[in-house]
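The structure appears right after this line, and notes come after that.
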Amino acid sequence: MKLYSDHTSMQLAEGTEILMGHRLGEVYRSSVSVCELIWKESFDPDTGEIIPAISDKLSGQEIIDALTRGSLKIVSLPENLGVKPPEIAAAAGPRPAETLRAQWRSSYISAAQTLIEEQILLPFRADFERKIAEIVRVGLANEMRRKRRSGKPIRAGQPTSFSQPPKSGKTIFLWWKRFKELGAAGAFDRYRDCGNRLSRFSDELLLIMREVVALRLTEERPSIASIVDSVRARVRVENRRLTSCDPHAETLLVPGYQAIWSLIESMAPMDHKVRTRGMEVAYRDLHTLGQGLQISRALQRVELDEYTVDLMVFMRLLDLEKLLTPSEKIALCLTGEPKRLILSAAIDVYSGAIVAMQIAAEGSMNLTVKTIEMIYCDKQRIADAVGAVNPWPMHGHPQTLALDRAVVNMSDEIYTRLAAAGITNFAVPAGKPFLKPWIERFFATLGAMFLQQFTGRTFSDVVSKGENDPAKRATLTLEEFLNWLVRWIVDVHHTRKPETLGRSAPLYEWERAVAEVPPVILNDESRLRRAFGDRLERLVTRKGVEVKGIHYIAPEISEWFLNEAERELEVWWWHQKIGRVEVLLPNGKWVTAHSKDDQWADKSYADLAVLIEQGKAERLQGQEVRDDYRVAADARTAELAGLKGLLPLPLNEKQRAARTDDFMRYTRFRENDLAPAPDLFDGAVTPFDGHAATHESDNTDQDDRSKPSDPGDIME
């Protein structure tokens with residue numbers, strides 16, 4: 001509904017002062033279609049600019065729009081309209097119940113005053129008590145006349161209802177005395193001050209109490225009893241000082257526990273929080289939020305964070321244990337022992353839906369990357385695998401990602417991958433969870449509504465934990481925990497309507513949002529491969545480039561292979577889409593290479609893993625028969641060779657010793673260095689005449705091949 005929608009034109013009365021933003025203006029001429037006014041000199045607190053006075057015009061439509069938005073405020077009206085602002089604030093003025101009680105008292109005060117003027121009643125308390133019946137008679141008559149004048153219409157025959165009259169003449173005398181002192185205001189009571197223990201203390205005492213409270217109320221958070229002792233000691237010291245100067249001086253009241261507690265409660269929340277918890281905690285808990293986030297479509301802002309699950313879970317995946325080797329189980333932390341998990345989740349702020357979730361034993365950069373990657377992936381297969389009733393359709397491109405400045409989120413690789421994916425990185429400061437409240441609220445809801453269903457909780461502190469041993473009370477395996485968690489998110493969290501006014505359940509909010517404004521597409525498959533894929537180094541061959549047994553080809557790669565000598569290329573491979581890879585040629589050109597086998601065009605690594613496991617199973621089929629064949633063939637071959645004398649016979653002891661000496665004949669050991677070295681050719685070459693050898697050595701036309709100068713030459 002629009003206010004003022006029935007008015008085609010509106011005008012302001014001449015002499016009206018208005019306020020629009022920071023500008024104060026006065027209307028000096030008004031007509032049916034336009035109002036002429038003068039804007040007074042003003043000061044813009046945001047920019048520090050002084051705006052000079054200037055004349056201006058406002059059309060009737062502009063006035064309607066300003067009133068509708070609430071940006072036009074009436075400061076004062078001209079005197080001829082006879083409308084004056086209230087002299088006191090509504091909060092300080094009498095409340096309706098107080099006015100009714102004052103009117104009731106006024107009936108009996110007026111009765112007493114009338115009797116005093118008629119000299120029937122004397123202005124003394126004793127006379128009021130003696131003539132209470134006469135005062136009540138006249139007061140009841142006044143009360144009935146007031147009811148007839150101001151009350152709602154009464155049906156014929158219905159009696160007039162009124163409150164019971166006072167029963168004490170002393171009470172009426174006190175009312176009348178207060179009326180004589182304060183006038184009409186004396187008829188009002190002070191019930192609103194009931195329970196205010198500070199109202200009976202003097203200003204001097206309150207000043208001393210506030211001074212001591214301000215001194216003791218610190219981040220050490222002393223007990224109220226300790227502060228009470230300090231305040232009372234200070235008051236007693238002040239009383240001794242007063243009596244030492246004047247023995248007849250009026251001393252100060254010594255306050256008690258409740259009075260000092262009331263004084264502390266009356267402090268402003270910000271002042272109290274800063275004193276007891278510090279500035280950072282006070283700012284975190286009490287800073288005003290204002291208008292808050294303004295989101296207009298799904299995936300416009302996604303918040304991501306990690307949470308240590310307050311539950312001990314057995315690290316076992318029963319369905320995969322038969323497929324994993326012991327080393328793989330250790331690498332995945334699937335040791336079977338109870339352990340707390342790290343949950344990394346991303347939530348869409350507009351719909352409140354969970355768009356990504358990853359579980360790991362420890363936080364890492366890879367965990368964050370996989371969580372961001374999951375935002376793009378269709379998660380319906382996960383919901384179907386655990387038997388969820390409702391769909392999980394939330395996926396797409398996140399425009400802005402809000403994550404904290406943890407160590408794993410501050411690396412260059414995270415920034416590079418987000419930039420490659422086209423995601424605006426909105427890294428909020430550490431220690432300020434209110435800057436990403438949606439994901440923080442989800443983790444709180446997860447702990448309160450989901451984790452409390454199971455045994456093995458670790459609790460948030462040792463006081464809450466008590467004697468509970470979470471490791472001994474753990475009952476869930478990792479596999480069962482993941483199944484229940486996915487079912488709770490899809491079937492419970494996504495279908496539960498929040499208490500926020502105007503919001504629907506996340507599933508219905510998402511469906512409506514994507515129907516009205518579909519998510520924005522800011523990247524393609526090739527950019528996602530470079531953002532979330534694995535960087536590999538591969539050699540180009542005639543078959544192309546090979547990754548995980550799949551060969552990828554492209555015309556540019558073939559041309560490079562034929563014309564360039566460099567063979568190693570950079571390849572980006574993404575496990576979500578293994579039908580294509582991005583190849584960076586050494587000249588800086590990016591090429592999209594397709595798999596030679598079309599069956600992998602739209603497949604993921606999960607499909608390849610299934611085929612690999614099937615191949616392992618097929619290779620095991622018939623293995624026993626093949627082993628029997630191999631053993632039988634080897635035995636028959638040895639038998640036939642033995643019949644032909646082709647098999648070497650075993651050596652006796654004498655033959656083995658001779659062969660050992662023969663193999664060690666030219667071996668040199670350090671302990672034999674001092675013994676004279678025997679002739680290298682003893683027993684192998686017939687000795688010859690030394691003179692002939694000398695004569696032949698003088699012949700330069702012949703080479704000396706009989707006696708080398710270095711025995712090592714022969715060995716070489």
Check: Trp560 side chain, Glu566 main-chain N or O, donor-acceptor pair, under 3.5 Å: yes

Ion pair check, Glu525 and Lys577, cut-off under 4.0 Å: no

Pair Glu546 + Lys548: basic N to acidic O under 4.0 Å: no

Positive for side chain to side chain contact (heavy atoms under 4.5 Å, CB included) with Val547, one of Leu536, Ile578, Asp534: Leu536

Member of Leu584, Leu585, Val583 meeting the side chain to side chain contact (heavy atoms under 4.5 Å, CB included) criterion with Trp590: Leu584

Test log, rule side chain to side chain contact (heavy atoms under 4.5 Å, CB included), inputs Phe426 and Leu435: CA-CA 10 Å; Phe426 187 73; Leu435 294 179; 5.7 Å; no

Atom CD of Glu559: over 12 foreign heavy atoms under 6.0 Å: no

Atom CZ of Arg656: over 12 foreign heavy atoms under 6.0 Å: yes

Heavy-atom pair with the smallest gap, counting every atom of Ile375 and Pro398: CG2-CD, 3.9 Å

Trp573 six-ring face occupied by Arg538 cation (under 6.0 Å, within 45°): no

Qualifying salt bridge (Lys or Arg N to Asp or Glu O under 4.0 Å) pairs, either residue in residues 492-513, two or more places apart: Glu509-Arg512, Arg512-Glu516

Ring center gap for Phe532 and Tyr376 short of 6.0 angstrom: yes

